[in-house]
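Computed over heavy atoms, backbone and side chain alike; hydrogens, waters and symmetry mates excluded.
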Amino acid sequence: MQTTFKRATLAALVIAACASGAARAEEFLVGVELPLTGSLARVGNGMQEGVAVAAEVFNKTNGKHKIKLATVDDESAPAKAIAAVEKLASQGAVAITGGYGSNNISPASDAANKLNLVYMTSGGVDDSLVNSGRKNFFRINNTAGYERAVLGLLSDLGAKSVSIIYSTKEATSDLSAAVTKALGARGVKVNGHSFDPAITDFKPIVNKIKLQDKSDVILMVGYENDYVGILRAARVLKPGVKAMVGVWSLATPKMAAEFPDLMPNVYGTALLPFPATFETADGKAFADGYRQLYKKEPDYLGQFGYVQATLLFEAIARAADKGTIKKGGIAEELRKTDRDTLIGRVQFNANGDNPNFVHRMGQHQDKKIVIVWPKEHATGKPVYPGLPW
């Protein structure tokens, strides 16, 4: 009887221990490398907000696993991006998310690849990122998706001539070249004007467009500070164009709030209108979590951060269930991903690219951001001609 009692007691202790272990969710550290200061700080902070919301939602709903974030500011500098990845790896991160600007992401993702860590981003569209053999690199957006959006808008506007002002950085020059080729094939007159990323005075370029190109549209292919410089020069010189169009990080509430005199009627890529509305359960979870954490309306930068992080967290959880975290399981699970998200359907091909990505175009109108392309997702009509001056 005593032996039976001991066995029963031991069984009870084992059950209690298992129950206690089940109650304690397994925690995984995920590294976040982002530009929180420097020239790319606005977009970096926007993406970080989305990543944080993704962790909050995942930790509330998964039950079995927990995500803990460790964030390092790469200060918008390639060397600091490498150091950030190495620091996060030394802290025990099982994967890295974040990054902005292909010239920063390229060395950072190389560092992650050497450390056998997955690197997940929405901040780099340079095609060399997915064509250089990085086995652990994944992104949810790409140049092709931006090209489709810009070309779709310009077609709908009926632009006959376009002046493209583009940075000589690889991602921006690649997008400019792709758009130039596609517009030329459609019979649209294109004039290209490249600029060094260090430039601060855009008046000579804008003046040349005003006096020589006389285009319908100026397309800006650069980054936040570039847009500000170009728009300031255009407000002074007032070229006879009908629209100012840009790409990433332009049609955002942050830009509207910080540069209210420059943004009216300006176009840029945007998946969300502002204020945003969500109908799906995933969208409502994102929006509710965002408003709760940050006491403001979500924007598309946060949306990108949320999607990339959510897909990564889900892959980590699946790999953990299979016991393959340290055996390349996170990358393996990401390659199996195929689901609808807040940016549309996401899959990853062998190079880690998402072939389904198509962006949308928004326009700053009356302190709001209105989606104007494609028509099936439009929340309003484009103001054309429409300028900030």
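Thr379 places a side-chain N or O within donor-acceptor distance of the main-chain N or O of Ile371, the cut-off being under 3.5 Å. Between the side chain of Thr97 and the backbone N or O of Ala309 there is no donor-acceptor pair closer than 3.5 Å. Checking side-chain atoms of Thr180 against main-chain N and O of Ser176 turns up a donor-acceptor pair under 3.5 Å. Using modelled atom types, one side-chain atom of Asn62 and one backbone atom of Lys64 make a donor-acceptor pair closer than 3.5 Å. A donor-acceptor contact shorter than 3.5 Å links the side chain of Asn349 to the backbone of Asp353. One N or O on the side chain of Asn59 and one on the backbone of Ile67 form a donor-acceptor pair closer than 3.5 Å. Lys210 places a side-chain N or O within donor-acceptor distance of the main-chain N or O of Leu237, the cut-off being under 3.5 Å. Side-chain N or O atoms of Asp216 include one that pairs as donor or acceptor with a backbone N or O of Lys160 at under 3.5 Å.
Rounded to the nearest 0.5 angstrom, Gln363 CD and Leu153 CG are separated by 8.5 Å. Rounded to the nearest 0.5 angstrom, Leu262 CG and Trp389 CH2 are separated by 10.0 Å. The line from CG of Leu272 to CD of Glu297 is 10.5 Å long, rounded to the nearest 0.5 Å. Thr341 contributes atom OG1, which lies 9.0 Å from atom CZ of Phe304 (distance to the nearest 0.5 angstrom). Atom CZ of Phe195 is separated from atom NZ of Lys169 by 9.0 Å, given to the nearest 0.5 angstrom. The CZ atom of Phe348 sits 11.0 Å away from the CZ atom of Arg139 when rounded to the nearest 0.5 Å.
Residue-environment remark: CG (Asp196) exceeds the threshold of 12 foreign heavy atoms within 6.0 Å. Counting non-hydrogen atoms of other residues, nucleotides and ligands closer than 6.0 Å to NZ of Lys296 gives a total above 12. More than 12 heavy atoms of other residues, nucleotides or ligands shown are found within 6.0 angstrom of NZ on Lys254. No more than 12 heavy atoms of other residues, nucleotides or ligands lie within 6.0 Å of CD in Glu279, so this atom counts as exposed by the packing criterion. Counting heavy-atom neighbours within 6.0 Å of Lys80 NZ, excluding the residue itself, gives a total of 12 or less. Around NZ of Lys203, the count of heavy atoms belonging to other residues, nucleotides or ligands within 6.0 Å does not exceed 12.
Applying the salt bridge (charged side-chain N to carboxylate O under 4.0 Å, His left out) test to every pair with at least one member in residues 51-61, sequence neighbours left out, gives these pairs: Glu56-Lys60. Among residues at least two apart or in separate chains, there is no salt bridge (charged side-chain N to carboxylate O under 4.0 Å, His left out) pair with a member in residues 368-389.
Of all heavy-atom pairs spanning Ala93 and Ile96, the tightest one is CB-CD1, 4.3 Å. Annotation for Val221 and Val247: closest pair CA-CG2, 4.2 Å, computed over non-hydrogen atoms. Smallest separation of non-hydrogen atoms from Tyr267 and Pro382: OH-CB, 3.4 Å. Among all heavy-atom pairs drawn from Lys214 and Ser161, the shortest one is O-OG, 4.1 Å. Of all heavy-atom pairs between Ala319 and Ile330, the closest is CB-N, 3.9 Å. Nearest heavy-atom pair across Leu231 and Pro388 is CD2-CG, 4.3 Å.
Between the side chains of Asp126 and Ser128, at least one donor-acceptor pair of N or O atoms lies under 3.5 Å. Side chains of Asn354 and Gln347: a donor-acceptor N/O pair is absent below 3.5 angstrom, by distance only. Between the side chains of Glu170 and Ser102, no donor-acceptor pair of N or O atoms lies under 3.5 Å. Counting only N and O atoms by type, the side chains of Glu33 and Tyr119 include a donor and acceptor under 3.5 Å apart. Of the N and O atoms on the side chains of Ser249 and Glu224, not one donor lies less than 3.5 Å from an acceptor on the other residue. In this model, a donor atom of one side chain and an acceptor atom of the other lie less than 3.5 Å apart for Asp321 and His65. A donor and an acceptor atom, one from each side chain of Asn225 and Ser39, are nowhere located under 3.5 Å apart. Side-chain atoms of Ser106 and Arg134 form a donor-acceptor pair, as typed in the model, at a separation below 3.5 Å. Donor-acceptor pairing under 3.5 Å is lacking for the side chains of Thr143 and Asp174. No side-chain N or O of Tyr166 forms a donor-acceptor pair with one of Asp226 less than 3.5 Å apart.
At least one side-chain heavy atom of Leu36 sits less than 4.5 Å from a side-chain heavy atom of Thr71. You'll find the side chain of Leu271 stays beyond 4.5 Å of the side chain of Leu342, heavy atoms only. Annotation: side chain of Arg291 is not in contact with side chain of Lys295 (no heavy-atom distance under 4.5 Å). Using a 4.5 Å cut-off on side-chain heavy atoms (C-beta onward), Phe259 and Val266 make no contact. In this structure, Tyr384 and Val217 have side chains that are in contact, with non-hydrogen atoms separated by less than 4.5 Å. Using a 4.5 Å heavy-atom cutoff, the side chains of Ile230 and Met244 are in contact. At least one side-chain heavy atom of Val372 sits under 4.5 Å from a side-chain heavy atom of Gln365. Counting only heavy atoms from C-beta outward, the side chains of Met220 and Leu250 approach each other to under 4.5 Å.
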Stepwise salt bridge (Lys or Arg N to Asp or Glu O under 4.0 Å) test for Asp213 and Lys189: CA-CA 9 Å; Asp213 296 0; Lys189 180 184 177 183; over 6 Å; no
CA sep, side-chain torsions, deciding dist, call: Lys66, Glu26, salt bridge (Lys or Arg N to Asp or Glu O under 4.0 Å): CA-CA 6 Å; Lys66 292 288 183 183; Glu26 191 175 9; over 6 Å; no
Audit row: Leu154, Val188, side-chain contact (heavy atoms from CB on, under 4.5 Å) steps and yes/no: CA-CA 10 Å; Leu154 293 175; Val188 177; over 6 Å; no
Evaluation steps, side-chain contact (heavy atoms from CB on, under 4.5 Å), between Leu129 and Phe137: CA-CA 8 Å; Leu129 292 171; Phe137 180 85; 3.8 Å; yes
Worked verdict on Tyr146 versus Phe357 for ring-ring contact (aromatic ring centres under 6.0 Å, His included): CA-CA 9 Å; Tyr146 287 90; Phe357 178 67; 5.7 Å; yes
Stepwise side chain to side chain donor-acceptor pair (under 3.5 Å) check, Gln308 with Ser122: CA-CA 7 Å; Gln308 73 187 43; Ser122 61; 2.6 Å; yes
Intermediate values then yes/no, salt bridge (Lys or Arg N to Asp or Glu O under 4.0 Å), Arg335 and Glu332: CA-CA 5 Å; Arg335 291 190 186 94; Glu332 183 180 342; over 6 Å; no
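Hydrophobic clustering keeps Leu29 apart from Leu311 (ILVMFWY residues linked when any side-chain heavy atoms are closer than 4.5 Å, directly or through intermediates).
For the pairing with Phe286, the ring-ring contact (aromatic ring centres under 6.0 Å, His included) check across Tyr300, Phe278, Tyr294 returns one residue only, Phe278.
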